[in-house]
Asker: 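One structure, as structure tokens, below. Some questions next.
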Amino acid sequence: WSKHRDRGSREAKSILFEDGMPKSLTVWIPLSDVTTHHSCMHVLPASKDPLYWSSHRSIPNEAWGGLVEEARALPTSAGGVLMWNQRV
């Protein structure tokens, strides 16, 4: 998949409670080890995402520029559990 938000086409207010806590989560459990060389999830911290509170499904390619360096890789072992709110 290309860069995207799991439920990005919806306003953040419909996905997060007023205090910023998520109303739902995405859970990913890899069936094999994932490394930065293959199949690794990458996330952009909300503090680095200029469109986090917008209704954009993703950050337009032309806006990525230096943001790529801000993305965080999430390597994990088979059976590990990763969870994030659906604005990631």
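Keep in mind that what you see is a predicted model, and the values were worked out from it rather than measured.
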Asker: Quick one: side-chain contact (heavy atoms from CB on, under 4.5 Å) partners of Val27, sequence neighbours excluded?
Answerer: Ile29, Val81, Met83
Asker: Run through the side-chain heavy atoms of Ile, Leu, Val, Met, Phe, Trp and Tyr, join any pair under 4.5 Å, and report what else lands in Leu31's cluster.
Answerer: none
Asker: Checking the side chain of Asp49 only, and the main-chain atoms of Leu44 only, is there a donor and an acceptor separated by less than 3.5 Å?
Answerer: no
Asker: Just checking His37: does its NE2 atom have more than 12 heavy atoms from other residues, nucleotides or ligands closer to it than 6.0 angstrom?
Answerer: no
Asker: Tell me if a side-chain donor or acceptor on His42 pairs with a main-chain N or O of Cys40 at a distance below 3.5 Å.
Answerer: yes
Asker: Looking at residues at least two apart in the chain, or sitting in another chain, which of them share a side-chain contact (heavy atoms from CB on, under 4.5 Å) with Pro22?
Answerer: Leu16, Leu25, Asn85
Asker: Using side-chain contact (heavy atoms from CB on, under 4.5 Å) as the criterion, point out the one residue from Thr35, Asp33, Leu82 that pairs with Thr76.
Answerer: Leu82
Asker: Rounded to the nearest 0.5 Å, what's the gap from CH2 on Trp28 to CE on Met41? Could you check?
Answerer: 4.5 Å
Asker: Looking only at heavy atoms, what is the nearest atom pair of Pro45 and Arg72, with distance?
Answerer: CG-CG, 4.0 Å
